[in-house]
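A short worksheet on the structure shown next.
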Amino acid sequence: MAEEKQAPSYEQAREELTEVVRRLETGGLTLEQSIELWERGERLAAVCEEWLQGARAKLAAAMAQRQEPQAAGSDEAPF
């Protein structure tokens, strides 16, 4: 049975993406190496975007939940 590779954390993906960009900017790579790095960078950027979208959704849900009690409580007197 093949072992599933776990997706990297946001921080791991961002750090590796930074390294990929640095290597591409430095140059001195073959075309094949550059394409391979570019493709890896695209995958890492997608991982980062997925983490950020998840964080945005959690933040939006937390903000909506925080506002709900205030909206409901404004119509009712506490005493």
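- Using modelled atom types, no side-chain atom of E15 and backbone atom of Q12 make a donor-acceptor pair closer than 3.5 Å.
- When all heavy atoms of V20 and L37 are compared, the pair lying nearest together is CG1-O, 3.3 Å.
- The shortest distance between side-chain heavy atoms of R23 and Q33 does not fall below 4.5 Å.
- Listed here is the closest heavy atom pair of S34 and L29: OG-CB, 3.6 Å.
- Going from atom CD of E19 over to atom CG of L24 covers 10.0 Å, rounded to the nearest 0.5 Å.
- In plain terms, the two heavy atoms of W51 and Y10 that are nearest each other are NE1-N, 3.4 Å.
- Distance CG/L59 to CZ/R56: 10.0 Å, rounded to 0.5 Å.
- Environment of CD in E36: sparse, with no more than 12 heavy atoms of neighbouring residues, nucleotides or ligands closer than 6.0 Å.
- Smallest separation of non-hydrogen atoms from A13 and V47: CB-CG1, 3.8 Å.
- Other residues, nucleotides and ligands contribute over 12 non-hydrogen atoms within 6.0 Å of the CD atom of E49.
- With sequence neighbours left out, the side-chain hydrogen bond (donor to acceptor under 3.5 Å, both in side chains) criterion links R43 to no other residue.
- In this structure, E25 does not pair ionically with R22, as no charged nitrogen and carboxylate oxygen lie closer than 4.0 Å.
- Other residues, nucleotides and ligands contribute only 12 or fewer heavy atoms inside 6.0 Å of the CD atom of E32.
- With sequence neighbours left out, T26 forms a side-chain hydrogen bond (donor to acceptor under 3.5 Å, both in side chains) with no residue at all.
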